[in-house]
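Let me begin by handing over the structure; questions about it come next.
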Amino acid sequence: MKVGILGFGTVGSGTYRMLQENREAIERNAGVSIEVVKIGIRDAAKPRDVAAELFTTDLDSIVRDPAVEVILELIGGIDPAEKLVRQALANGKNVVTANKELMAKCGSDLVSIAREKGLDMHYEAAVGGGIPLVQPLKHQLAGNDVLRMMGILNGTTNFILTKMSQEGADFADVLAEAQALGYAEADPTNDVDGFDTMYKISILASIAFGHQVPVDCVYREGIREISAADMHFAEMLGYAIKLLGVCELLPDGQLLVRVHPTLLPKDHPLAAVNGVYNALWLHGDFVGDVMFSGRGAGANPTASAVMGDLIDIGRNLKIKGPGSAIPYSGPKPTAPIDCLESRYYLRVKSQDRPMGLGQLATCFGQSDVSIAAMEMRQLEDGIAEIVFLTHRSQESSVRDAIVQIESMGKGDSVQTCIRVEGDGTL
Ligand SMILES: NC(=O)c1ccc[n+]([C@@H]2O[C@H](COP(=O)([O-])OP(=O)(O)OC[C@H]3O[C@@H](n4cnc5c(N)ncnc54)[C@H](OP(=O)(O)O)[C@@H]3O)[C@@H](O)[C@H]2O)c1
């Protein structure tokens, strides 16, 4: 099997190294010998510890090469990855990609093209790094109606939230530490503002629910607003705070797909997934609860996922089978976040005054939001911090309560509003 690799950074070089180190097992499992014929890169001057003649900056020549049967797209982003993958498919080449942005934005189209041409289009590494998620959803779990799926899909934010919780530190300090350790990019937007998780939950939702879930139908919030105070109160109330991608089927048949910080009871399996680890928990109608966890990024785990896809293609080429790309159906109706019914955590900074608590309670009551638990601490002279945990309420009602609290004219403000999951309701 002749392979062209596009991109030789963390994942490309890790995949190449895995092939060298584990060649015997890989080829035995694939049933074919594997030869990397060309590797495309951008900067020809970068030192690489692989024979120089393998490299080219002319990536078009790799996807045009008639000898190449499989393209590993390990560049990332949309341009030039999309164009190269489309050319590769048009030229009859099977494709493996680790590119979540590409799959979230163009996956439905790319998979359909592969299907029409009888090719394979695999993307296990695009979600959850080394954790097998895509193939189990497409195969072993495919007979289930998935009712709900929740994932910790970004290692950077999970590292930051874990550190904040363990050390009582604030977001900005832990972000700086994560950047120094190389766990967060200099520009952390993609991770901390939830874009990376949005791409991944959109891909997983599209597979699990069999319909394309466009990224612009995914509600998204990041973790910048989470403070040491929220970690303190969550701990007191028996919860962990995680950035989750959540997808659920509403009773009216619409999908609600969202990314936001979430309070999870400490005894929920996802609450124990710490540091850079990722995990996906789902509930299927026959299988019940299932959880997958492991390393969501890094050269070795991601190479492991790319290699699994490559082995699959090798087996398929050996039996001269048709490609196994499974296309998504068209888009499914998705519900806006206002349709969410959930429990909520709200942290309010309040001016001490007679009847203050009663006035806050009135705002909740008038908005049809009932309170399940409350914690309070005095901050400084005249200011108190009060945390409310609600019973299940409509998102729109909670928004209404926040407007009422902040428009009382008493100087009260809602510092954070975090949704609560994992309370046993599906
Ligand atoms: N890193 C992870 O842990 C991880 C985990 C899961 C999935 N992924 C995904 O895997 C993909 C690759 O990520 P990575 O971390 O390996 O990226 P990376 O380290 O930045 O490597 C990117 C590679 O692509 C090449 N490249 C970039 N732009 C190019 C262009 N315009 N023309 C030609 N070559 C170009 C670079 O060439 P030079 O070497 O010449 O700069 C480099 O070899 C991404 O889609 C990413 O989301 C990564």
Side-chain angles (χ1 to χ4, degrees), residues 4-18 36 38-50 52 54-64 71-85 87-88 95-107 110 121-134 151-159 178 181-191 195-204 215 275-278 280 294-310:
I5 303 181
L6 309 180
F8 203 69
T10 306
V11 182
S13 61
T15 301
Y16 185 84
R17 189 167 39 77
M18 185 177 187
V36 175
K38 217 68 192 173
I39 302 173
I41 36 89
R42 178 171 41 190
D43 180 359
K46 249 188 213 175
R48 327 240 178 205
D49 52 7
V50 172
L54 270 182
F55 291 98
T56 177
T57 52
D58 180 5
L59 280 67
D60 286 324
S61 70
I62 306 180
V63 295
R64 275 199 315 264
I71 290 290
L72 308 186
E73 185 282 297
L74 308 173
I75 301 171
I78 296 297
D79 184 31
E82 181 191 356
K83 182 190 68 168
L84 291 163
V85 167
Q87 280 173 7
V95 173
V96 176
T97 180
N99 191 331
K100 68 217 91 174
E101 187 177 355
L102 180 69
M103 287 311 296
K105 290 181 177 168
C106 320
L110 297 175
M121 169 90 214
H122 287 311
Y123 47 97
E124 183 63 67
V127 191
I131 316 167
L133 297 178
V134 173
I152 297 172
L153 301 170
N154 180 270
T156 304
T157 45
N158 205 38
F159 172 84
L181 288 169
Y183 290 148
E185 307 265 342
D187 175 3
T189 307
N190 207 29
D191 295 318
F195 289 96
D196 181 76
T197 302
M198 174 185 76
Y199 295 140
K200 291 167 175 172
I201 194 69
S202 137
I203 295 170
L204 292 174
V215 280
V276 294
Y277 275 76
N278 283 197
L280 181 76
R295 289 193 171 271
N300 289 358
T302 313
S304 160
V306 172
M307 202 54 74
D309 285 348
L310 187 60

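Atoms within a ligand are numbered from 1 in the order they appear, just like the ligands themselves.
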Exercise for the section: Find out whether Leu133 and Asn278 are in side-chain contact, i.e. whether some heavy atom of one side chain is under 4.5 Å from a heavy atom of the other. Expected result: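 Leu133 does not reach Asn278 side chain to side chain.
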Exercise for the section: List for me each residue that meets side chain to side chain donor-acceptor pair (under 3.5 Å) alongside Thr157, sequence neighbours excluded, and say none if there are none. Expected result: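 By the side chain to side chain donor-acceptor pair (under 3.5 Å) rule, Thr157 matches Asn154.
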Problem - Flag side-chain contact, heavy atom, 4.5 Å: Thr97 against Leu110 - result: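 Thr97 does not reach Leu110 side chain to side chain.
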Problem - Shell of residues surrounding ligand 1, defined by a 4.0 angstrom heavy-atom cut-off that is strict - result: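 Around ligand 1, where the cutoff is 4.0 Å for heavy atoms, the contacting residues are Gly7, Phe8, Gly9, Thr10, Val11, Ile41, Arg42, Asp43, Lys46, Arg48, Leu59, Leu74, Ile75, Gly76, Pro80, Ala98, Asn99, Lys100, Ala125, Ala297, Gly298, Thr302.
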Practice task
With sequence neighbours left out, write down each residue that passes side chain to side chain donor-acceptor pair (under 3.5 Å) with Lys105, or none if nothing qualifies.
Solution key: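 By the side chain to side chain donor-acceptor pair (under 3.5 Å) rule, Lys105 matches Glu101.
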Problem - Audit row: Tyr277, Ile152, side chain to side chain contact (heavy atoms under 4.5 Å, CB included) steps and yes/no - result: CA-CA 8 Å; Tyr277 275 76; Ile152 297 172; over 6 Å; no
Handout entry: Residue pairs, two or more places apart or on separate chains, that pass side chain to side chain donor-acceptor pair (under 3.5 Å) and touch residues 295-310
Key =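 Found Arg17-Asn300.
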